[in-house]
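Small disclaimer: the values here were computed from a predicted structure and weren't measured. Every chain is numbered from 1 and lettered A, B, ... according to where its sequence line falls, protein lines coming before strand lines.
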There are 2 protein chains.
Amino acid sequence: MQACLQFTTGKIEMSLIDKISGQAPSLTPSERRLVETVIDRPKAAALGTALELARAVGVHEATASRLAKKLGFDGYASFRDALREEFIATHETATRFEKTITTSTPETILGKLALDEAQALGRIEEFIDADQIAEVAGLLMGARRIFVYGYGNAEVLSLMMVKRFRRFGKDVQHLVPDPRGLAEQLLGIGAGDVVLSFAFRRPPRGYAALMEVAKETGAKTIMISGKSGALLAPGPDHLLAAPRSGDPDAFQTLIVPMTVCNAIVIAAGLTAKKETLKKLDRLGQLIERFE
Amino acid sequence: MQACLQFTTGKIEMSLIDKISGQAPSLTPSERRLVETVIDRPKAAALGTALELARAVGVHEATASRLAKKLGFDGYASFRDALREEFIATHETATRFEKTITTSTPETILGKLALDEAQALGRIEEFIDADQIAEVAGLLMGARRIFVYGYGNAEVLSLMMVKRFRRFGKDVQHLVPDPRGLAEQLLGIGAGDVVLSFAFRRPPRGYAALMEVAKETGAKTIMISGKSGALLAPGPDHLLAAPRSGDPDAFQTLIVPMTVCNAIVIAAGLTAKKETLKKLDRLGQLIERFE
DNA sequence: AGAATCATGCAAGCCTGCTTGCAGTTCACC
DNA sequence: GGTGAACTGCAAGCAGGCTTGCATGATTCT
């Protein structure tokens, strides 16, 4: 376990399962069942204890211990460490981007990406439920003004939400990042206003001040973030945090938070359907007149 | 750890994030660093011991132990078990999500959306193959200058690609939509330049003219679009078209084209790995100097 | 400036999990 | 049917990791 929190040199032997499988003929029935379980669910085995593995298989922990030695490891601990290395050990490589690059081959980038995204999307509901979406959507649609705050990668989402809610006819301001401009924009903030902000990896500059101002003036705050949103202090009134797709140590995309945004937009559209349609209609007329 | 070797019932509480979020304001500096490390590298934390985590952060293991209790766990072991549970969930979800797709009828907006997106993502490879991605990525990375063109909803993606390729150190211009400004920006376009454009539902204003100018001057053109991309005339040199998720007559999202963009960015990183890493490194330095 | 509170390292103690000698059982071979 | 070897469970012992009272240094409030 020494290497887990430190920089590993990057070498991973992929032979462990092969080695085990190769030894299969000389294994006893109990050992065979153990090995089968390990091969079937290596991650569970890598995380559990010898006792748990043994119990899952229905043998004694001593048998698991002996198996590890038989396979050439110093003991069960070494065996499990090898499992961890092979299946889940993290390489803290130079940059997140490099991580993605080194584990990708051009042939599989798109496919792997699509798969990762799909899986991440599948988990969204474990972190954000329908009530939260509806509540946030209602809040936004009922807001006197909406202030959107998000920079860096998150600016993409900020822009999208600004566009969407302007289409709903809302008064939406995209907050600028520079302190003075921000202060000016926030001069008139007050009860009935809503601040919608984004944070990935770290809160945007001025986040704490923004939240404080909002709280003091009675404006509501909404935060859409990855898992790191839990760390934010002071916390927002409404936190929508769902882990993003991809390896946390590598390239993370905006697909998950964008889907959360889309859900909010759809919910917002539903909460004020009639008005929305009227506004959209009006937008069509306006566009035509400008074309 | 009871659950590790068994199939979890599928319900995972978002308790971990909640717990952290609830305590975020009252965390001490050391605890904060610990939590940041855990969020940043959950795998390492899930696998390691309290001592290893503490050492990685530079604090005493006792602090890690106390943090776990402060967050509402019985002790460090419980805390790590929660991490492991979450970790297993993220990485052994494949079957669960398939199951979700086939069995569940989502009643919530978010759930339905996630499902739609996932299914659309699953079809991407039927429309766009790896060679196209690699080719486009190579083209962009080899370009003298990149002109990005996309408005309306597509502006979100334009912005993203402008940001990403600027990070790669490329000379990227976001073309303005007004005719005169566009003409001015395109004055110097020529061979070696690449035009990256987006079109959903209908081509952007001035699309035809832009394509013609590009062809005359020898610049290459890339189009990322939904299915309607096939209708574009004149056609681009490279067309990446994949159907978007959602009802064609209703709300369509940018998830699919964004995933295509992400794949291009990753592939672009691959085609010029060394330079890319150097540039990213430089970006990190620059950001630090500006903070 | 002094006192109190808090954060954090230290180190002893406890607990969990791994190991290993021993014994009972099974199976194969004689 | 008997003998022996191998397999496996049992339980005591051991090691590593987690916990917690205590002390020290920092910070804040009076």
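Summarising the geometry, the separation between CG on B/Asp81 and P on D/dC18 is reported as 11 Å, rounded to the nearest angstrom. Here the P atom of nucleotide D/dT20 and the NE2 atom of B/His60 are 15 Å apart, to the nearest Å. In this structure, A/Asp74 places its CG atom 9 Å from P of C/dT19, rounding to the nearest Å. In this structure, OH of A/Tyr76 is placed 12 Å from P of C/dG17, rounded to the nearest angstrom. Taking atom NZ on A/Lys70 and atom P on C/dT19, their separation rounds to 16 Å, with Å as the unit. We find that CZ of B/Arg32 is positioned 16 Å from C1' of C/dA7, with the value rounded to whole Å. One can place CG of B/Leu51 at 21 Å from P of C/dC15, the figure rounded to the nearest angstrom. What separates CG of A/Leu67 from C1' of D/dT8 is a distance of 13 Å, to the nearest Å.
Residues B/Val57 and B/Thr63 are not in side-chain contact: their nearest non-hydrogen atoms beyond the backbone lie 4.5 Å or more apart. In this structure the side chain of A/Leu240 never reaches within 4.5 angstrom of the side chain of A/Met223, judged on heavy atoms.
In summary, the side chains of A/Glu117 and A/Thr253 do present a donor paired with an acceptor at a separation below 3.5 Å, with no hydrogens or angles considered.
Contacts of A/Ala50 with the nucleic acid, taken as non-hydrogen atoms under 4.0 Å apart, involve only primed sugar atoms and P, OP1 or OP2.
Checking D/dT20, C/dC18, C/dT20 against every side-chain atom of A/Arg80, the shortest atom distance belongs to C/dC18. The side chain of B/Lys69 sits closest to D/dT20 out of C/dT19, D/dG9, D/dT20. The A/Thr49 side chain lies nearest to C/dC18 when the options are C/dC18, C/dG9, D/dG17. Distance from the side chain of B/Glu61 is smallest to D/dC18 among D/dC18, C/dT8, D/dT20.
Regarding contacts with the backbone of C/dT8, a side-chain N or O of B/Thr28 is found under 4.0 angstrom from either OP1 or OP2. At D/dG9, one or more side-chain N or O atoms of A/Thr63 fall inside 4.0 Å of OP1 or OP2 (strictly under the cut-off).
Under the 3.5 Å distance criterion, the side-chain polar atoms of A/Arg66 are left unmatched by any main-chain donor or acceptor of A/Glu61.
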Intermediate values then yes/no, side-chain contact (heavy atoms from CB on, under 4.5 Å), A/Val194 and A/Thr221: CA-CA 6 Å; A/Val194 175; A/Thr221 54; over 6 Å; no
